[in-house]
Amino acid sequence: MSKVLVSPSILSAEFAKMGEGVANVEKWGADLVHCDVMDGVFVPNITFGMPMVKSLRKYSTLPFDVHLMITEPEKYVGEFCDCGADIVTFHPDASKDVKKALDIIKSKGKKCGLVLNPDKPLSLVEDYLEDIDMLLIMSVYAGFGGQSFIPEVLDKVREAKKMIEKTGRDIDIEIDGGINTNNIKDVLEAGVNVVVAGSAVFKAENPADTIKALRG
Ligand code: DX5
Ligand code: ZN
C-alpha cells in the first residue's frame, strides 16, 4: 500500500492565528494542509475563501488540500489554484458542469478530486475516474468539524478501492470527518491512504504524536 498521508484540517485551528496554525501543521510533521471552504449555501456554515488561502500560502511549504463545499465550484476552482491550492476537491452534486471544473483544475497543473457525502453513491463519480487524482469520502456530513465518525461509510471506501483498482489509475482515497486514533485502524484497512483530521490533531495534547499515529 502507498504511504499514508495526513492532512490536518485547519477548520479546528484558532482563526485569529491561522498563519501560526498552518505553520504548526508543518512543524508537527503532517503531509498536507486541509482547507475547508464553505459558502453557507451548499452547506449550512461559512468559513473562508480565496484570500485566506492566498495569505496562508507563505506560512507553509506543504501542499494545500482545498476541500470546496460551495455551489457551482466551476466558477471558483481556477482562482483557488491561482491562490496556491495544490489539490482541489469539490462535491459533484454542487456542480452544474463537473467535467469543466475538473478540466480547469488540471489546466492549472493541479490535482483534482471529487467528494461524496455519506448519502451520495459512487455512481456520481464513476464517469470521472479517468480525470480525477483523488476521491474524498466524507465520514460525516460536510459542514462542521468535531462531528462523530459514521462507520457505515467504510463499505463505500472498500467498494471505491475495488472500482479504482479496475481502472489501473493511481487515485488517492481520502477520508474526512471524525477521524481519530481510535478508528484509524479500520479506516486504513478499508483502503484509505489520505487521512483528514481536524479536532483529533488540533485538540491533541501532542499533535505530532497524533499525526504519527494516524499514519497507522
Ligand atoms: C467537515 C470538514 C472536515 C472537518 C474535519 O465539513 O470537511 O474537514 O473539519 O474535522 P474533524 O476531524 O474534527 O471531524
Ligand atoms: Zn474537509
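Computed from a predicted model, the values in this text were never measured in an experiment. Because only heavy atoms are used, hydrogens play no part in the values below, and waters and symmetry mates are left out as well, while side chains stay in. In listed order, ligands and their atoms are each counted from 1.
The heavy atom nearest to atom 9 (O) of ligand 1, out of those in Gly178, Ser9, Gly198, is found in Ser9.
Each of the atoms 7 (O) of ligand 1 lies under 4.0 Å from some heavy atom of Met138. Listed by atom number, the atoms of ligand 1 under 4.0 Å from Ala142 heavy atoms are 6 (O). Within the listing of ligand 1, atoms 12 (O) sit less than 4.0 angstrom from a heavy atom of Ala197. Contact atoms of ligand 1 toward Leu11: 9 (O) (distance under 4.0 Å to a heavy atom of the residue). Close contacts of ligand 1 with Ser199, meaning ligand atoms under 4.0 Å from a residue heavy atom, involve 11 (P), 12 (O), 13 (O).
Between Asp176 and ligand 1, an N or O atom pair is found at a separation short of 3.5 Å. For ligand 1, the polar-atom distance check against Gly143 finds a nitrogen or oxygen pair separated by under 3.5 Å. Ligand 1 has a nitrogen or oxygen under 3.5 angstrom from a nitrogen or oxygen of Gly146.
Nearest N/O/S atom of Asp176 with respect to the Zn ion (ligand 2) is recorded as OD2. Considering just the N/O/S atoms of Asp36, the one nearest the Zn ion (ligand 2) carries the name OD1.
Side-chain contact, Ser9 with Asp36: a donor N or O sits under 3.5 Å from an acceptor N or O. Side-chain polar atoms of Ser139 and Asp176 form no donor-acceptor pair below 3.5 angstrom. Checked by atom type, the side-chain pair Thr61/Glu26 shows a donor-acceptor distance below 3.5 Å.
Relative ring orientation between Trp28 and Phe202 is described as perpendicular, the plane-to-plane angle rising above 60° on a 0-90° scale split at 30° and 60°.
Salt-bridge annotation for Glu72 and Lys75: present, with a side-chain N of the basic residue lying under 4.0 Å from a carboxylate O of the acidic one.
Listed for the Asn117 side chain is a donor-acceptor partner under 3.5 Å among the backbone atoms of Ala142.
Only one option out of His34, His67, Met134 pairs with Ile87 in a side-chain contact (heavy atoms from CB on, under 4.5 Å); it is Met134.
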